[in-house]
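Heavy-atom basis, side chains included; hydrogens, waters and symmetry copies ignored. Naming convention: chains lettered A, B, ... in sequence-line order (proteins, then strands); numbering from 1 in each chain.
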Protein chains: 2
Amino acid sequence: MTQLDAVHASSSREQTMSRRPAAREEARPRVLVVEDDPSLAVMLRYNLEKLGYQVEEAADGQEALLRVAESAPDLLLLDWMLPSLSGIEVCRQIRRRPQTRDLPIIMLTARTEEQDSIRGLNTGADDYITKPFGMEALAARVRALLRRAQPQASGLRQFADIVLDGTEHRVQRAGRPVHLGPTEYRLLEFLMQHPRRVFSREDLLNAVWGADIHVEARTVDVHIRRLRKALNAPGEVDVVRTVRTAGYALDLEPV
Amino acid sequence: MTQLDAVHASSSREQTMSRRPAAREEARPRVLVVEDDPSLAVMLRYNLEKLGYQVEEAADGQEALLRVAESAPDLLLLDWMLPSLSGIEVCRQIRRRPQTRDLPIIMLTARTEEQDSIRGLNTGADDYITKPFGMEALAARVRALLRRAQPQASGLRQFADIVLDGTEHRVQRAGRPVHLGPTEYRLLEFLMQHPRRVFSREDLLNAVWGADIHVEARTVDVHIRRLRKALNAPGEVDVVRTVRTAGYALDLEPV
DNA sequence: GGCATGGTGTCATCGAACTGTCATCCAACT
DNA sequence: AGTTGGATGACAGTTCGATGACACCATGCC
């Protein structure tokens with residue numbers, strides 16, 4: 001028992017890093033309400049909390065950006081008209097930063113404001129709803145957006161200093177961008193789904209190429225080599241472990 | 001061809017040995033088909049049963065979750081478009097529960113639905129196949145996934161301060177990593193399956209080398225020696241017991 | 001169309017790791 | 001002491017993964 005625990009403990013070090021997005025997922029989704037009218041804000045908070053969301057508030061555009069940056073909510077409910085910084089401007093700034101590019105935003109607009117101009121103008125919002133609105137309508141939009149956004153969150157995979165962004169199809173190692181061909185990308189993607197685990201060439205062919213495609217087993221070697229070449233900068237440890245007669249694994253310890 | 005067959009043969013040996021201890025494993029693998037189109041469902045059932053699987057069915061997402069929870073199938077064939085709860089959503093819910101996190105899932109999608117978005121977007125499925133598909137393609141995927149899922153059960157083995165991790169293909173003694181050649185690895189793996197039990201050289205040849213391979217019996221001595229050398233650091237007790245005229249065993253007591 | 005480019009699968013070759021065998025030595029039993 | 005069976009070191013042959021080269025295809029660009 002003690003031994004097993006020891007092994008687990010030593011090997012779970014990196015896992016805690018890669019588990020971060022999952023930990024947040026467990027909690028209720030957090031909605032940031034940006035609304036300068038206090039009575040409306042209170043109403044929104046009340047209803048959203050009843051629906052099971054955590055609610056944070058911001059009264060103007062400046063505060064909104066601040067809160068988005070530091071508490072990374074899962075969804076933004078954004079009033080169109082705001083003091084200090086208009087809703088459109090907030091939207092634009094949020095879209096500009098890579099960390100918040102995919103944050104779902106719902107705009108709250110007054111009926112008088114022309115909907116066409118909102119729709120036509122590229123605000124960057126994902127959805128909008130005109131005031132006054134019913135709570136069911138809002139709830140439906142919130143649910144839909146959160147559901148859509150969810151996979152994006154888990155599209156991010158991390159192992160050691162390697163980050164694979166599934167939605168952007170992008171790979172980094174130690175912050176530096178890494179260019180991979182399509183096959184190498186899928187290969188890495190698959191290996192990152194089961195870090196440390198050893199896969200035979202046949203496993204990899206099935207998973208990366210497809211079960212019904214016939215390709216020489218040795219071809220895997222070549223792609224592993226290309227993956228290594230792209231991933232390992234001079235001086236860095238090789239992240240691909242070769243296990244003789246067994247296959248390959250994504251791993252730090254070469255032995 | 002020859003290559004693949006060789007791989008099959010050698011790797012299936014380990015699998016039969018590392019069969020899960022549970023009683024229900026003797027049965028054929030059970031596949032749950034989640035498909036709302038009755039004619040397709042019938043076709044799938046017919047073909048899968050012909051391939052030797054047990055087939056269960058569910059017509060929508062709700063029923064799918066229910067059946068997964070109560071009958072714990074070995075593999076899920078999941079239609080992308082479903083009434084009441086989409087395939088993606090089913091997938092996500094299954095992945096959320098620890099008991100079903102490793103359940104292999106194959107998605108069935110229509111050709112029009114973008115394949116990239118399925119593969120790229122992290123749906124949580126292990127594989128997918130576009131609709132219309134040939135039965136061989138499906139069979140290949142099912143086989144591949146079931147094979148991959150199986151060895152997970154027999155991951156970690158331990159004897160005294162020795163830990164052998166089957167999925168990672170790693171060996172440790174007293175926390176220190178131990179490097180073994182393929183033969184020594186299989187030898188240790190076999191010995192660890194029956195600690196303390198004494199095996200004759202012939203037993204070991206059959207189990208580790210294979211019944212049909214002809215190798216000099218004395219060769220076992222050499223590999224036992226290599227295993228000892230790798231396993232026993234200076235000052236540690238020898239974990240391999242020699243029983244004169246009988247064979248070897250994994251044991252702590254020297255006598 | 002023709003050309004460049006980047007990606008892919010296959011092959012021949014190289015070198016390191018592994019393997020099986022033997023001769024020799026040593027310890028245990030008779 | 002003599003015999004038997006295991007341990008050990010050496011070694012030659014083999015296997016297996018790494019590597020570089022190359023021909024083939026797409027795709028995009030002039």
Side-chain angles (χ1 to χ4, degrees), chain A residues 169 171 177-189 198-206 208-210 212-232 234 238-251 254-255, chain B residues 1-7 9-11 116 169 171 178-189 198-206 208-210 212-232 234 237-249 251 254-255:
Chain A
H169 241 257
V171 178
V178 172
H179 176 73
L180 296 178
T183 309
E184 280 76 41
Y185 179 86
R186 270 178 293 144
L187 182 55
L188 177 63
E189 185 182 41
V198 176
F199 293 99
S200 70
R201 292 184 174 72
E202 202 191 347
D203 286 338
L204 293 173
L205 284 179
N206 283 333
V208 176
W209 277 259
D212 41 356
I213 310 280
H214 177 67
V215 169
E216 207 60 39
R218 294 261 131 230
T219 303
V220 175
D221 299 24
V222 180
H223 283 276
I224 287 283
R225 177 180 160 275
R226 288 170 181 155
L227 181 60
R228 278 184 167 136
K229 193 171 178 181
L231 225 44
N232 303 329
D238 186 3
V239 284
V240 181
R241 178 164 79 111
T242 304
V243 182
R244 197 171 231 250
T245 72
Y248 298 96
L250 194 66
D251 207 325
V255 182
Chain B
M1 260 307 164
T2 334
Q3 302 276 357
L4 281 179
D5 290 347
V7 172
S10 71
S11 68
D116 286 340
H169 245 262
V171 177
V178 171
H179 179 72
L180 299 177
T183 309
E184 281 76 42
Y185 180 87
R186 271 178 294 145
L187 183 55
L188 176 63
E189 189 181 37
V198 179
F199 294 100
S200 71
R201 291 183 174 72
E202 203 185 346
D203 289 338
L204 293 173
L205 283 178
N206 283 333
V208 177
W209 276 259
D212 43 352
I213 310 280
H214 177 65
V215 169
E216 207 59 40
R218 292 264 136 224
T219 303
V220 174
D221 298 24
V222 180
H223 282 277
I224 287 284
R225 177 183 160 273
R226 287 171 181 155
L227 181 59
R228 278 181 168 140
K229 190 174 180 181
L231 225 43
N232 303 330
V237 274
D238 186 3
V239 283
V240 182
R241 181 161 75 107
T242 303
V243 183
R244 194 168 233 251
T245 73
Y248 298 97
D251 206 331
V255 183

Could you give the [atom1]-to-[atom2] distance, from [X] to [N], as a whole number of Å?
X	N	atom1	atom2	value
A:Glu216	C:dA12	CD	P	11 Å
A:Leu227	D:dT19	CG	C1'	16 Å
A:Leu204	C:dG9	CG	P	13 Å
A:Arg241	D:dA18	CZ	C1'	17 Å
B:Phe199	D:dG6	CZ	C1'	20 Å
A:Leu187	C:dG7	CG	P	15 Å
A:Arg225	D:dG17	CZ	C1'	12 Å
A:Asp238	D:dG17	CG	P	15 Å

Verify side-chain contact (heavy atoms from CB on, under 4.5 Å) between B:Val239 and B:Leu227, making sure each step is shown before the conclusion. CA-CA 10 Å; B:Val239 283; B:Leu227 181 59; over 6 Å; no
Hey, does the side chain of [X] come within less than 4.0 Å of [N]'s phosphate (OP1/OP2), counting only N and O?
X	N	value
A:Arg218	C:dA12	no
B:Arg226	D:dT8	no
B:Thr183	C:dT19	yes
A:Thr242	D:dG17	no
B:His223	D:dA7	no
A:Trp209	C:dT8	no
B:Arg201	D:dG6	yes

What does B:Tyr248 touch in the nucleic acid at a heavy-atom separation under 4.0 angstrom: a base, only the sugar-phosphate, or nothing? sugar-phosphate
NA contact type, B:His214, heavy-atom cut-off 4.0 Å: base, sugar-phosphate, or nothing? nothing
Paired with B:Glu184, the side-chain hydrogen bond (donor to acceptor under 3.5 Å, both in side chains) test is passed by just one of B:Arg226, B:His223, B:His179, namely B:His223
Run the numbers on A:Val198 and A:Arg241 for side-chain contact (heavy atoms from CB on, under 4.5 Å), then give the verdict. CA-CA 8 Å; A:Val198 176; A:Arg241 178 164 79 111; 3.7 Å; yes
With respect to the side chain of B:Arg244, which nucleotide from C:dT19, D:dA7, C:dA27 is positioned closest? C:dA27
Do you know which of A:Asp203, A:Val243, A:Thr242 makes side chain to side chain contact (heavy atoms under 4.5 Å, CB included) with A:Tyr248? A:Thr242
Main-chain N/O of B:Val240 paired to B:Arg228 side chain as donor or acceptor, under 3.5 Å: yes
